[in-house]
Amino acid sequence: MKNLNSVFAAYLIGWGAFFLFYVSIAKRTSDLRAEVDRLKSSLTRTK
Amino acid sequence: MGKRIVLGAVAILLVIAAAYASFYVAPEERTMGLVQRIFYFHVGSAWAGLLAFFVCFIGNLMYVWKREPKYDWLGVAGAEVGLVFTTVVLITGPIWAHPVWGIWWTWDARLTSTFVLWLLYVSYLLLRTLIEEPERRALHSALFGIFAFIDVPLVFGAIRWWRTQHPSPVIMGGPGSGLDPTMRKVLLFSGLAMCVLMAFLIAERYVLEKMRSEVDILQREAEAQ
């Protein structure tokens, strides 16, 4: 199994990058959703 | 939301199947051996990255023409997703190259044009952080994105037009090029899987940008009161 480490590293880093990117999108979306809710409720209260 | 979940599930199933096919269906390459299996992941990611930049380019062109925010959201989604795929290409390439070429990197036309492409889209995203006003930010980044896309045909053509350390094309490479039929099928399937994953990530990133725009509008409303 020559170069198994290289294959393992390439796939691990690649999938890790996609996974972390997806997690970052999900986290940013969830933060923004909370911000939208907060702004909407504050606007409704002031109306 | 429902369609995005279905797309995400399909993308996950396809990439798992593509990884399985890369290791258990494709035959082992005679000279390079096991390390050649990086090829399916590396090339699939490269195709998906270039396609994401094309999506960004279409978004940029449409924004300049129509000036509708949805095209700006599409542009930034394509750029960011394309950048992630290109980063994976720039990491997996040297990991594959080192055991085969004996070097991690060389400044040949394909590798250099890909690195320049990566730098151009990093600049595109940095430019967006420097301009506060939304319409100005969208227009300037759309114009820069149209310029940045000029490098995509250079990346595609580099291994066709110039002699490079990077291998010659195995698909659409002209006479003398080609792959074992099973390898070709696995490569095309891996490319498809990565493109579906790319479409899913663009859809998710588009929604994020749309929500960011909604927050901007609500913040302005709150400030005006």
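Atoms considered below: every heavy atom in the structure, side chains included; atoms not considered: hydrogens, waters and symmetry mates. Naming: A, B, ... by sequence-line order, numbering from 1 per chain.
B:Phe189 is linked by a ring-ring contact (aromatic ring centres under 6.0 Å, His included) to nothing, counting only residues two or more places apart in sequence or in another chain.
Contact annotation for B:Met194: only side-chain heavy atoms (C-beta onward) come within less than 4.5 Å of a heavy atom of chain A. For chain B, the nearby parts of A:Leu32 are the backbone and the side chain; heavy atoms of each come within less than 4.5 Å. Contacts between B:Leu197 and chain A at a heavy-atom distance below 4.5 Å involve the side chain alone, from C-beta outward. The contact between B:Ile91 and chain A is made entirely by side chain atoms (from C-beta outward), counting heavy-atom distances below 4.5 Å. Only the side chain of B:Ser22 has a heavy atom closer than 4.5 Å to any heavy atom of chain A. Both the backbone and the side chain of B:Gln219 come within less than 4.5 Å of a heavy atom of chain A.
In terms of non-hydrogen atom pairs under 4.5 Å with chain A, the most contact-rich of B:Trp96, B:Phe85, B:Phe200 is B:Phe85. For the set B:Val15, B:Leu208, B:Val89, the count of heavy-atom pairs under 4.5 angstrom toward chain A peaks at B:Leu208. The most heavy-atom pairs under 4.5 Å with chain A, out of B:Ile95, B:Leu201, B:Ile217, come from B:Ile95. Put simply, of B:Pro94, B:Gly33, B:Pro99, B:Ser45, the one with the most heavy-atom pairs under 4.5 Å next to chain A is B:Pro99.
The main-chain N or O of B:Arg136 is found under 3.5 Å from a side-chain atom of B:His140 such that the two form a donor-acceptor pair. Side-chain N or O atoms of B:Arg110 include one that pairs as donor or acceptor with a backbone N or O of B:Val155 at under 3.5 Å. Checked by atom type and distance alone, the side chain of B:Glu29 pairs as donor or acceptor with a backbone atom of B:Thr31 at under 3.5 Å.
For residues 9-33 of chain A, every residue pair satisfying the side chain to side chain donor-acceptor pair (under 3.5 Å) rule, not counting sequence neighbours, is listed here: A:Ser24-A:Arg28, A:Lys27-A:Asp31, A:Arg28-B:Glu80.
Aromatic rings from B:Phe149 and B:Phe57 are positioned such that their centres are separated by under 6.0 Å. If you look at B:Phe23 and B:Tyr40, their ring centroids are not closer than 6.0 Å.
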